[in-house]
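When reading the values below, keep in mind they use all heavy atoms of this one structure, side chains included, and skip hydrogens, waters and symmetry mates. Not measured: the values here are computed from a predicted model. Residue numbering restarts at 1 for every chain, and letters A, B, ... go by the order of the sequence lines.
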There are 2 protein chains.
Amino acid sequence: MLQKKTKYAIKALLSLAKEYKDNKPMKISEIAEKEGIPRKFLEAILLELRHHGIVGSKMGATGGYYLLKHPEEIMLSNVIRLTGGPIALLPCVSLNFYEPCVECVSEEVCGLRNVILEVREASIKILSKTSLADILLRELKLSKKVKPLKTKR
Amino acid sequence: MLQKKTKYAIKALLSLAKEYKDNKPMKISEIAEKEGIPRKFLEAILLELRHHGIVGSKMGATGGYYLLKHPEEIMLSNVIRLTGGPIALLPCVSLNFYEPCVECVSEEVCGLRNVILEVREASIKILSKTSLADILLRELKLSKKVKPLKTKR
DNA sequence: TTAATTCCTACTAAATTAGTAGTATATTTG
DNA sequence: CAAATATACTACTAATTTAGTAGGAATTAA
Ligand code: FES
Ligand code: FES
């Protein structure tokens with residue numbers, strides 16, 4: 001499971017991505033309110049994302065956060081990794097959170113590891129080709145499908 | 001990430017699967033030693049697996065645990081679920097550990113959920129077609145690849 | 001100068017996971 | 001039957017991780 005932190009980070013970045021056209025700083029409190037994220041927690045998360053070079057900030061009155069990259073360049077896999085979420089199901093197959101399996105005789109020959117490796121590859125394949133922009137696009141498509149209310153087919 | 005508990009469960013079941021030919025009860029302490037699992041913890045895990053009808057036990061001297069199904073019928077996805085590990089990355093896409101996403105306006109239209117759903121499907125596809133027997137088979141193949149020592153060519 | 005905002009360190013609280021203790025109950029074997 | 005050897009089961013404790021908060025320093029606009 002992804003941590004709340006990771007989910008909040010993605011949501012916040014999506015909020016910024018939506019306003020990317022003029023990309024002027026957006027206040028923490030504004031994002032927090034829109035996305036239903038505890039204000040102070042979000043503050044810490046955005047700070048961390050800035051340290052990772054994915055968003056920028058402006059201090060003082062009229063300050064806030066903005067994206068440093070185009071929404072098409074920010075991949076889900078990256079956001080997940082940066083906010084501490086390993087994607088792999090076992091540490092022995094994780095690229096970024098690798099730890100050897102002490103009980104297993106040999107990683108080379110471990111059948112379980114071999115399966116979990118396949119799962120990781122399948123997951124990464126999807127997550128690393130999906131950008132913030134892609135998610136917004138999906139949202140658009142879904143909302144068309146789900147409520148074709150006043151549109152004349 | 002899978003819990004230790006889940007990993008231990010899989011390992012223990014693989015131990016039993018290896019001896020499935022005569023399928024006579026194997027002692028907890030024997031499994032624990034072979035797989036490097038804390039004895040008492042394993043006891044609790046096997047007990048739970050029994051309650052879920054995946055293994056059987058015999059009490060008293062000469063007692064122990066044995067598989068109730070053929071190793072080909074026990075799927076990784078099942079073991080993971082039974083031992084408490086959700087496979088999905090978010091509760092809103094989990095079949096067995098579903099919880100609604102409070103901050104999201106609508107699950108129907110949530111772009112993030114839509115991607116995570118794809119990831120879950122890809123993972124389940126692999127995990128639900130891989131049995132204990134399959135894992136043992138992989139192990140066999142891997143060990144042939146990795147040490148073609150005394151084999152001619 | 002004041003108000004509004006991010007920056008940053010250091011916590012606290014809650015939840016989850018990992019593991020243990022100890023006793024009851026069942027079974028084999030002599 | 002009695003002793004030895006298992007599992008069954010309940011109820012903890014300890015360790016780790018995750019979620020969230022407090023509060024003041026630094027920065028900027030007006
Ligand atoms: S090496 Fe990691 S599960 Fe065996
Ligand atoms: S509904 Fe679960 S992430 Fe949006």
Checklist entry - Between E48(A) and I45(A), does a side chain to side chain contact (heavy atoms under 4.5 Å, CB included) hold up when you go through it step by step? => result CA-CA 5 Å; E48(A) 204 181 321; I45(A) 293 167; 5.8 Å; no

Next on the checklist: At a heavy-atom distance below 4.0 Å, what parts of residues 32-40 of chain A sit against DNA chain D?
Outcome noted: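 Contacts with DNA chain D under 4.0 Å: P38(A), K40(A).
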
Next on the checklist: If you count every heavy atom of other residues, nucleotides or ligands that lies below 6.0 Å from E30(A) atom CD, does the total exceed 12?
Outcome noted: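 Counting other residues, nucleotides and ligands, CD of E30(A) exceeds 12 neighbours.
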
What does the list of N/O pairs under 3.5 Å between the protein and nucleotides 28-30 of chain C look like, with a distance for each?
unit_1, atom_1, unit_2, atom_2, d
dT28(C), OP1, K58(B), NZ, 3.2

Provide, to the nearest angstrom, the distance between the [atom1] atom belonging to [X] and the [atom2] atom belonging to [N].
X: F41(B); N: dA11(D); atom1: CZ; atom2: P; value: 19 Å
X: E103(A); N: dG19(C); atom1: CD; atom2: P; value: 9 Å
X: F97(B); N: dT16(C); atom1: CZ; atom2: P; value: 12 Å

Checklist entry - Using a side-chain heavy atom cutoff under 4.5 Å and only I, L, V, M, F, W and Y, what cluster partners does L68(B) have? => result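 Direct or chained contacts put L68(B) with Y66(B).
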
Checklist entry - Which residues pass the side chain to side chain donor-acceptor pair (under 3.5 Å) test with E107(A), sequence neighbours left out? => result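 With sequence neighbours excluded, E107(A) shows a side chain to side chain donor-acceptor pair (under 3.5 Å) to Y98(A), given in chain and number order.
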
Every protein N/O lying under 3.5 Å from an N/O of nucleotides 9-13 of chain C:
none

Checklist entry - Using a cut-off of 4.0 Å on non-hydrogen atoms, how would the nucleic acid contact of L46(B) be classed: base, sugar-phosphate, or nothing? => result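 Here L46(B) touches no strand at all.
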
Next on the checklist: Counting only heavy atoms and a strict 4.0 angstrom limit, can you tell me which residues of residues 1-20 of chain B come near DNA chain C?
Outcome noted: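 Contacts with DNA chain C under 4.0 Å: Q3(B), K4(B), K5(B), Y8(B).
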
Checklist entry - Hey, what do you get for CG (L67(B)) to CE (M26(B)), rounding to the nearest 0.5 Å? => result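 Interatomic distance, L67(B) CG to M26(B) CE, rounded to 0.5 Å: 9.0 Å.
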
Checklist entry - Within the side chain of D134(B), is there an N or O that forms a donor-acceptor pair under 3.5 Å with the backbone of S131(B)? => result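 Indeed, once roles are kept as given, a pair shorter than 3.5 Å links the two residues.
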
